[in-house]
Amino acid sequence: MHLPFGAMSLLNPLTALGIILALGILGGQIARTSSAVPTLTGYIVTGLIIGPHGLGLISQPLINATDEFVQLALGMALFELGRRIDLRWLRKERALLITAAGGSAVCFTALYLILPLFDVPLETAAILAVLALSCSPAALLEVLRENRAEGQVSERLVAYAGIGNLLALAGYCLVLGISRQDSGLPVESWLLAPGWIFLASAGVGLAAGLIAIHGNRWIGAQHREAQEVLLFALIALTVGLSSALHLLPALALLAFGLSTRNLPRGYAVGSPWVMRYSVVFFAALFVIAGALLDLRQLGDYLPLAILLVVLRSLTQVLSGTLMARANGLSRRRGALMGLALMPMSGTANLALLTSPALLPVSTATVLPLAIATLCLTELLGPPLTQLALKLAGETRPQS
Amino acid sequence: MLEFTNSPPLTLGIELELMIVNRHDYNLTRGSDDLLSLLDRRNHGFDIKPEITQGMIETATGIHDNLGEMYKELCAIRGLLNQCAEKLNLGLAGGGAHPFQRWGEQRIYPKERYRLVSELYGYLAKQFTVFGQHIHIGCPDGDSAVRLTHFLSRYIPHFIALSASSPFYQGADTLFQTSRLSSVNAFPLSGCMPLVQNWAAFNQYFGQMHALGIVASMKDFYWDIRPKPEFGTVEIRICDTPVSLGLAPLLAGYARMLAHHCLATGWDRIEPALYLPYTYNRFQACRFGLDGDIILSGDQGRISLLEDMLTTLDRLTDDARALGLEDCQRQLRERVVKRHSDSEWLRAHYAASGSLSDTVRRQSERWMYDA
């Protein structure tokens, strides 16, 4: 059954959003009845069922109509994740920095070396290994929020994820450059373009951060609503500008959040509201993320996708366990922190892999395997993150 | 029957309850378990333990008869706590109440006694997420402890005004200098010790309460001042935890001078008139701090709290000299004359920044680094 929303003139971003949210809430409510599954999994499954690859109740044009909203939701999550990277802490707490950077290096190396053994081209393996370093900010923050998780595992998990995402984006630019160089493209295409993408993205984020800090100080915390409007405007502006300039919005938003946390007087920018108002945005984001998943891709690529997911999780669990004592955690809690990093961001990664300006040379071989991997991590990741946080004793007990 | 453990008179010890806050929005956070696990790995020998909810931690000094030594120990404890808190990216802060935490979000520490308190008192247990300084003064015997408890009740407004540091509660300015005591008042066994004349009478009272099943131990009395027979002390429980570390030993020094005065003069005017203005004076100090008025017992009329404190400090000159606490007396006097108050410091910062989150950030920097 296909509802003819795509053909109707009534379709605009708001009706699309309304339909997606209204349908998504059904799945969310069903998930809410189970303590084993976070609500966002309900949204994702709903998207999967009603999406173009499922029952087709929402069509691709309907999804496309909500793109700005999705980008904004993703922007809010990345901004908040950036704000959780506390460089002052990382300077003192080298163990965490080593855990995240070392864990990412091991993860990349393992995937880069092992995937080609299963007939995955080297270049494809490099791109997948880089993407595997990322962790879905929206899924992570939403699971933490819903379970009101607090403690060292949660704190270090978010910082680890933030560092992982930064490394993934930097690595992506690097792989992009190497891929283009190998294809014999001119120097401006393989060196200057990726360099420009990386630096300009970070620059846009930094500029937004500086404007936010000075703007917030000028407005004053007494006028919290005005500060919130400014911050929202800057998030939208950063997403829009970096997209228009064919940069990496994800990197710009991370840099934005990071700068407001770490630049002098960054404390002028309060952010709890981001999570407070993000519920609606995230609900739509997860339904659409589910709708974008195509389980048929699993058919051919399931074994490879499982291998990738297992290797990724193993290296993260291993790095968490080995570095647990240095992080002030028990080995068990260190392992749980690694396990909780399972969700990968389908929306953000697919945006990368389908943007013409950011295309590596051999996208055609990457995309199906990436989608298959994302199907697994989007579906299994959030429940595993929730389970890990529960086992670590950091979620709020049910009253 | 409670045995009173005799202890060297006028020795001192203090307990401090501290806030554990996160470093992104400076709200209270569930950090006591992680902090204690990390502390357990170090062979420190200090008394650091959990409190009723997981955003709190309590520390206590050893027994001292010298304020300088007590301050040194407090600095050493703070240094250790800071090291561990920094590793965990946690902040520690003084102050009587967290300005914007939501009591419903607090989690009871998983310990049998706290679980029982939570079961019995329901939401009051979580609302008890407030932070105080307790001062223990050594007493030679139970009778002296009873006398000293009654004697100190007259000076409770002084301790309240000197330590007041909880003007904000649940995100709002309460207009009180200390809002913390409102949380304590809600407990049915709060208030003050009944008018018993000596340790035998106190024991009789305790025996009756115990037989009725109202209390199981002295811990069940949430009085402002209470004898602590197992330590051989009188415990003043009325003070907010100061915003800066330096004030904590000064408050202990004040208690010591008063106790010296009581024991040296053989004070024993234990009479009902003593407690007639008690709750009124207590309210005045909580609400207005040094600007409050108090009523003196008997027919001595009304006096400003500030004036009463200055008079009292003058009257304690001989005691200060006898105990070597002249510097403590001078610092307290200066604080009163200049109307220095942690509550006003917090309000001033909030007025300047407009953000309670930023106010707690400053509060935390002040506690941890004297900034």
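The sequence lines fix the lettering, A, B, ..., with proteins before strands; numbering per chain opens at 1.
Interface remark: A:Arg156 contributes side-chain atoms only to the contact with chain B (heavy atom separation under 4.5 Å). Only the side chain of A:Arg261 comes within contact range of chain B, with at least one heavy atom under 4.5 Å from a heavy atom of that chain. Residue contact with chain A, scored on non-hydrogen atoms closer than 4.5 Å, is absent for B:Ser37. Residue B:Glu105 touches chain A through both its backbone and its side chain, counting heavy-atom pairs closer than 4.5 Å. In this structure, chain B has no heavy atom under 4.5 Å from any part of A:Leu96. Residue contact with chain A, scored on non-hydrogen atoms closer than 4.5 Å, involves the side chain of B:Arg41 exclusively. For a residue to count as touching a neighbouring chain, one of its non-hydrogen atoms must lie under 4.5 Å from one of that chain's; by this rule B:Leu28 touches chain A with the backbone only. Only the side chain of B:Leu38 comes within contact range of chain A, with heavy atoms under 4.5 Å apart. For chain B, the nearby part of A:Glu93 is the side chain; its heavy atoms alone come within less than 4.5 Å. Of the atoms belonging to B:Gln106, it is backbone heavy atoms, and not side-chain ones, that fall under 4.5 Å from chain A.
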Fill in: Derivation and outcome, side chain to side chain contact (heavy atoms under 4.5 Å, CB included), residues B:Asp34 and A:Arg333
CA-CA 11 Å; B:Asp34 293 321; A:Arg333 295 181 82 210; 2.9 Å; yes
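You'll find the side chain of B:Glu86 stays beyond 4.5 Å of the side chain of A:Arg88, heavy atoms only.
Counting heavy-atom neighbours within 6.0 Å of A:Arg265 CZ, excluding the residue itself, gives a total of 12 or less. Heavy atoms of other residues, nucleotides or ligands lying less than 6.0 angstrom from CZ of A:Arg217 number 12 at most. Atom CZ of B:Arg113 is surrounded by more than 12 heavy atoms from other residues, nucleotides or ligands within 6.0 Å.
Note that NZ of B:Lys87 and CZ of A:Arg94 are 12.0 Å apart. Values are rounded to the nearest 0.5 Å. Annotation: the span from B:Arg30 atom CZ to A:Glu155 atom CD amounts to 12.0 Å, rounded to 0.5 Å. Taking CG of A:Asp86 as the start and CG of B:Asn22 as the end, the distance is 10.5 Å to the nearest 0.5 Å.
Between the side chain of A:Gln222 and the main chain of B:Ala351, a donor-acceptor pair closer than 3.5 Å is present. Between the side chain of A:Arg396 and the backbone N or O of B:Arg107, no donor-acceptor pair lies under 3.5 Å. B:Asn89 places no side-chain N or O within 3.5 Å of a backbone atom of A:Trp89 that could act as its donor or acceptor partner.
The nearest pair of heavy atoms linking B:Ser355 to A:Ala221 is CB-CB, 3.6 Å.
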